[in-house]
Participant: 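Sharing a structure here in structure tokens format.
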Number of protein chains: 2
Amino acid sequence: MTQSYHHGALRQALLDAAETILDRDGIEALTLRAAAREAGVSHGAPAHHFRDITGLLTELAAMGFLRLRDALQEASDETDDPAGYVPALGRAYVGFARAHPGIFLLMFRSERLDWSAPSLDLAGPAAFAFLLKEERGDDVAGYAADMPDLVRATTRWSLVHGLATLVVDGRLSAMTQMIPHADLDVLIETVLAKGLAP
Amino acid sequence: MTQSYHHGALRQALLDAAETILDRDGIEALTLRAAAREAGVSHGAPAHHFRDITGLLTELAAMGFLRLRDALQEASDETDDPAGYVPALGRAYVGFARAHPGIFLLMFRSERLDWSAPSLDLAGPAAFAFLLKEERGDDVAGYAADMPDLVRATTRWSLVHGLATLVVDGRLSAMTQMIPHADLDVLIETVLAKGLAP
DNA sequence: GAGACTATCTTGACGGTGTCTAGATTGATG
DNA sequence: CATCAATCTAGACACCGTCAAGATAGTCTC
């Protein structure tokens, strides 16, 4: 807390402030001025660290993709059974979305992101690379995927991403409420276990 | 074209104007004032037909869900082979999203919609009901689904919705561009055919 | 048909937003 | 120590959603 005219680490402070707002007040409340207020600086300060609101959201989304990659990596490391590898990744994916709905929604709000920005262009594919290979331990970097691989990966990704999106948007709980004795957690787990079985 | 003070059918005109903006300029440009401008009325006029911007977007989304239901119904009617029924629905779902990306994205922008509004509360489930039963011809209204049904429906819905979302957001084409000879249309078709096989 | 009523639409205002500019402050460089 | 560039503030602008007050016109009653 330097109280000085120059903040010193405003860029990271703005990202932290933005995430705080995202978690606390939702994606609607996440504005450039709100982030500046949260960080205790004037409304014009962010311009020196992010070109515009898209720049801030893009960096935040890139951060999210790195965390998603870490979550998938962790799930990958903790899985012993090769047959349970893909379902474990799915659980981690959906779990990430449910634990951080704000940043997950932001990560796929493409009209407010700049996918040509280097940080996002690197962080995005890094997270998805996990879905390409079935057996864990294979290094995905430099792996030359063919069409069947791409089909398998896309199928998995679609299932997992669709499930996560529907849950976070509240569409799935709206569905389970129409059916007695339907539990959301059980439904998610069953869909992942059966839908991602080898 | 009455040119009079009273429009006469402003409510529908505003919905049409909103859809025009959505298709032409994207979801970012769709504002209440822009819709009023497009319809040729003052910025305060919409308030008498929609409570607020959420009201307009909710009605527009409800319209989208009705059209999605019609598209699924049409695909259902045109399918002769029972085995190809579910993939046909999937093709219709993804096709709808690709043909009308703006309204599709809006339909699942839950933070700007009011799902407690009667129109949306009716139109939403009406579209999804198609995914509940496998054999076509069954009346889905009043059908008492059990847990295995819900699991099957959710699995299909997740796969199809995830695929549509990833395509519309541009994530999938970013992936195919990294792999030589990968065609987006072929990929989508293959994922649908293999992933939704009975 | 005339008057009253009500729904519809316009206009202006308010606080909020993103972005631009000019100016103040400060750390770093030579 | 002087200069300079980077950082931050403050003010302005156009746009946004929403509210209140007033103008207009269709409708209903007598």
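Numbered from 1 within each chain, the chains take letters A, B, ... in sequence-line order.
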Participant: Taking salt bridge (charged side-chain N to carboxylate O under 4.0 Å, His left out) as the cut-off, I'd like each qualifying pair that reaches into residues 6-23 of chain A, sequence neighbours left out, listed once.
Facilitator: R11(A)-E59(A), E19(A)-R67(A)
Participant: Side chain of A45(A): nearest nucleotide among dG17(D), dT10(C), dC8(D)?
Facilitator: dC8(D)
Participant: Mind listing the N/O atom pairs, protein and nucleotides 12-16 of chain C, below 3.5 Å?
Facilitator:
unit_1, atom_1, unit_2, atom_2, d
dG12(C), O6, H43(B), NE2, 2.9

Participant: Please name all residues satisfying side chain to side chain contact (heavy atoms under 4.5 Å, CB included) with A92(B), sequence neighbours left out, ordered by chain then number.
Facilitator: L72(B), A75(B)
Participant: Got a sec? Which of residues 51-59 of chain B come in under 4.0 Å of DNA chain D, heavy atoms?
Facilitator: D52(B), I53(B)
Participant: Enumerate the salt bridge (charged side-chain N to carboxylate O under 4.0 Å, His left out) contacts for residues 116-129 of chain A, please, sequence neighbours excluded, ordered by first and then second residue.
Facilitator: none
Participant: Where the side chain of T54(B) meets the backbone of D114(B), is there a donor-acceptor pair that is under 3.5 Å apart?
Facilitator: no
Participant: So which pairs with a foot in residues 21-78 of chain A pass ring pair (Phe, Tyr, Trp, His ring centres under 6.0 Å), sequence neighbours left out?
Facilitator: F65(A)-F108(A), F65(A)-W115(A), F65(A)-F128(A)
Participant: Which comes earlier along DNA chain D counting from the 5' end, the contact point of A34(B) or that of V41(A), where each point is its nearest nucleotide?
Facilitator: V41(A)
Participant: What pairs of residues pass the salt bridge (charged side-chain N to carboxylate O under 4.0 Å, His left out) test when at least one of them lies in residues 178-198 of chain A, not counting sequence neighbours?
Facilitator: R91(A)-E189(A), R98(A)-D185(A)
Participant: How would you list, by chain and number, every residue that makes a salt bridge (Lys or Arg N to Asp or Glu O under 4.0 Å) with E74(B), sequence neighbours excluded?
Facilitator: none
Participant: Checking R33(B) now: which residues fulfil side chain to side chain donor-acceptor pair (under 3.5 Å) with it, not counting sequence neighbours?
Facilitator: none
Participant: Using a cut-off of strictly less than 4.0 Å between a heavy atom of the residue and any atom of DNA chain D, enumerate the qualifying residues of residues 17-30 of chain B by number.
Facilitator: none
Participant: Quick one: which residue pairs count as a side-chain hydrogen bond (donor to acceptor under 3.5 Å, both in side chains) with a foot in residues 169-181 of chain A, not counting sequence neighbours?
Facilitator: D169(A)-S110(B)
Participant: Expected output is a numbered-order residue list: members of residues 101-114 of chain A with a heavy atom under 4.0 Å from any atom of DNA chain D. What is it?
Facilitator: none
